[in-house]
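Here's the structure we're looking at; comments come further down.
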Amino acid sequence: MRVRMAPSPTGPLHIGTARTSLYNYLAARHAGGTYVLRIEDTDPARSTDDFERDIIDNLHWLGISWDEGPQVAGGDDIGPHAPYRQSGRMELYGREADRLLETGSAYRCWCTTEELDAVRRDQETKREPPRYNGRCRHLAEAERAAHEAEGRPSVIRFKVEPESVRFDDLVRGEIEFDNALLGDFVIVRNDGMPLYHFVVVIDDEAMGITDVIRGEDHLSNTPKHIALIRALGYREPRFGHIPLILNADRSKMSKRKSQTAITAYREEGYLPEAFVNFMAFLGWSPGTEEEIFSLSELASRFDIAKVHHGGAVFDRDRLDHLNGVYIRAMTDEQLALRVRPWVPEAIRDDDLLRLVPLIKERLVKLGDVPDLIGFVWEPDEVVAGWYGPELLYPKKGGPNEARAALEGAREVLAELDDADFSADVLEQRFREAAEVAGMKAGDFFSPIRVAVTGRTISPPLFASLEMLGRDRSLARVDDARGKLTQVPA
RNA sequence: GCCCCCAUCGUCUAGAGGCCUAGGACGCCACCCUUUCAAGGUGGAGAUCAGGGGUUCGAAUCCCCUUGGGGGCACCA
């Protein structure tokens, strides 16, 4: 089995492309087949090196590796079927176009865009299917010769025979189309650039692709490909069309309505293993109630025949949940390593490791780290700027209760020496102080929490104080007391 | 408009004629735990399996129609 993924570098790696890539990868790994990466850059106007790099980098990030193809952007191709970039195969496309011309399966067309538009408009008003009317197909020899002598640029059109085409789709079963509805489509532009439907078929043949697994949006294009394959005398691969990933409104997932770039998710701090797990379940399930799978587990379980037929809405809540599951499953050491890019360099590795337990079970995405424990490394005055005096009031209480708690906290902190400055000791002392103040523990802790972390929601208070150390804790409590002096009782 | 595909809780899905008074997960709502928030635990609401006809002793599962949704019909990929 040889499968391929064929992204075009006209944008950053799209989630749909990534999922198709994943399914191809899983199918190949499951069957012990070969997985090929091919860059479809036949649209020079829209293709860029940056996008190619984005695609390759993010595929690597997801852990999807290929056996043949460019291993790095702009790098050398690896594999016996090079080139793996369409721009490297121009000569072959030209030869195959000539062959089609010679065998009479294709013909030159001189119709102008204006003429074509006019025909299309006419068809629309007459409610006919919009397709090429075949004018140049029936050109007399003399007219053809005249056009060619004139030297005006022409496109090459493929002659579609009015026959019915059927194939056995790997995920959907038997599908039948009537090619009479198709119309002769263009395979080479008037500037000589070959078009997608044409090159995809040539490339797949050249690379010995046996199974074409792609998005459902290509289902309707398949009869064109099959017609081309037959005219060219190629061997017909199996086709499998996987369901689309959808926006919340159930339309095809698009940049306009959803975040589609894999990079964006990566930058937010989603874990590649969680993302892969999530994508795999968008249209596939093992048929059991298990749901946590590594890439290699997925490969051993994956079955293209069990892929769903209907589209799947991208559900961010579910992704968040899965990401949290993977984060919680990590050791503190692993998580510290992963979180490093989101933490200031000034934070030492051993301090970071001490921070991790405070946030592990409340972390959804790695990028949320600064939000959760930024107070540890932010300067006191910055943290003080995060809240106003009224945030210091306990839920049931006002400035007086806040003052009492802060006062009590000050005393406790002031009398502790550094050796005693641990979460356990702190908790014990603070609870005693709450009692002395005649306050419920929760109400007593609340103003202190805000003073120290700048937020009403934070990691456990005493561990936070321990991390911060005595002096900074004291300073923050004093900052808070200062804020309260401006407020009348 | 034409062609093709699809249709189980809000979402992702289990389900390949009797095991289904439809299971799980996310989300939601309670309660428990608890220094906040999470995490965790327990429980709950939530799908007349889009609707209608068949086939069958029996249908979420098979067939047909309707409806709804999606995709495709480029000198884009």
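Every chain is numbered from 1, with letters handed out A, B, ... down the list of sequences. A quick note: this is a predicted structure, and the numbers were derived from the prediction, not measured.
Within 4.0 Å (heavy atoms only), A/S8 reaches sugar-phosphate atoms of the nucleic acid but no base atom. A/P243 comes within 4.0 angstrom of nothing in the nucleic acid, heavy atoms only. Within 4.0 Å (heavy atoms only), A/P223 reaches no atom of the nucleic acid at all. Contacts of A/F281 with the nucleic acid, taken as non-hydrogen atoms under 4.0 Å apart, involve only primed sugar atoms and P, OP1 or OP2. At a threshold of 4.0 angstrom between heavy atoms, the contacts of A/R328 are confined to the sugar-phosphate backbone, with no base atom among them. Among the atoms of the strands shown, base atoms are found under 4.0 Å from some heavy atom of A/F462.
Between A/R38 and A/D203 there is a salt bridge, with a side-chain nitrogen of the basic residue lying less than 4.0 Å from a carboxylate oxygen of the acidic one. Comment: A/R455 engages A/D371 in a salt bridge, judged by a side-chain N to carboxylate O separation of less than 4.0 angstrom. Remark: A/K365 does not engage A/D320 in a salt bridge, criterion side-chain N to carboxylate O under 4.0 Å.
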Distances under 3.5 Å between nitrogen or oxygen atoms of protein and nucleotides 71-73 of chain B:
unit_1 : atom_1 : unit_2 : atom_2 : d
B/G71  : OP1    : A/K252 : N      : 3.0
B/G71  : N2     : A/S220 : OG     : 3.0
B/G72  : OP1    : A/K252 : NZ     : 2.9

For nucleotides 66-68 of chain B, list the nitrogen or oxygen atoms of the protein found under 3.5 Å from its nitrogen or oxygen atoms, one pair per line.
none

*Per-nucleotide protein contact string for nucleotides 18-26 of chain B, where B marks a base within reach and S marks sugar-phosphate only (heavy atoms under 4.0 Å, - for neither)*: -----BSBS
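Remark: P of B/C4 and CD of A/E174 are 13 Å apart, rounded to the nearest angstrom. One can place OH of A/Y107 at 12 Å from P of B/C75, the figure rounded to the nearest angstrom. If you measure from atom CD1 of A/I175 to atom P of B/C6, you get 7 Å, rounded to the nearest angstrom.
One N or O donor and one acceptor, one from the side chain of A/N190 and one from the base of B/C75, sit under 3.5 Å apart.
Residue A/A312 is the one, among A/A312 and A/S446, whose nearest nucleotide of RNA chain B lies closer to the 5' end (criterion: closest heavy atom).
Other residues, nucleotides and ligands contribute more than 12 heavy atoms inside 6.0 Å of the NZ atom of A/K159. For A/E435, the CD atom counts as loosely surrounded, since its 6.0 Å shell holds 12 or fewer non-hydrogen atoms of other residues, nucleotides or ligands.
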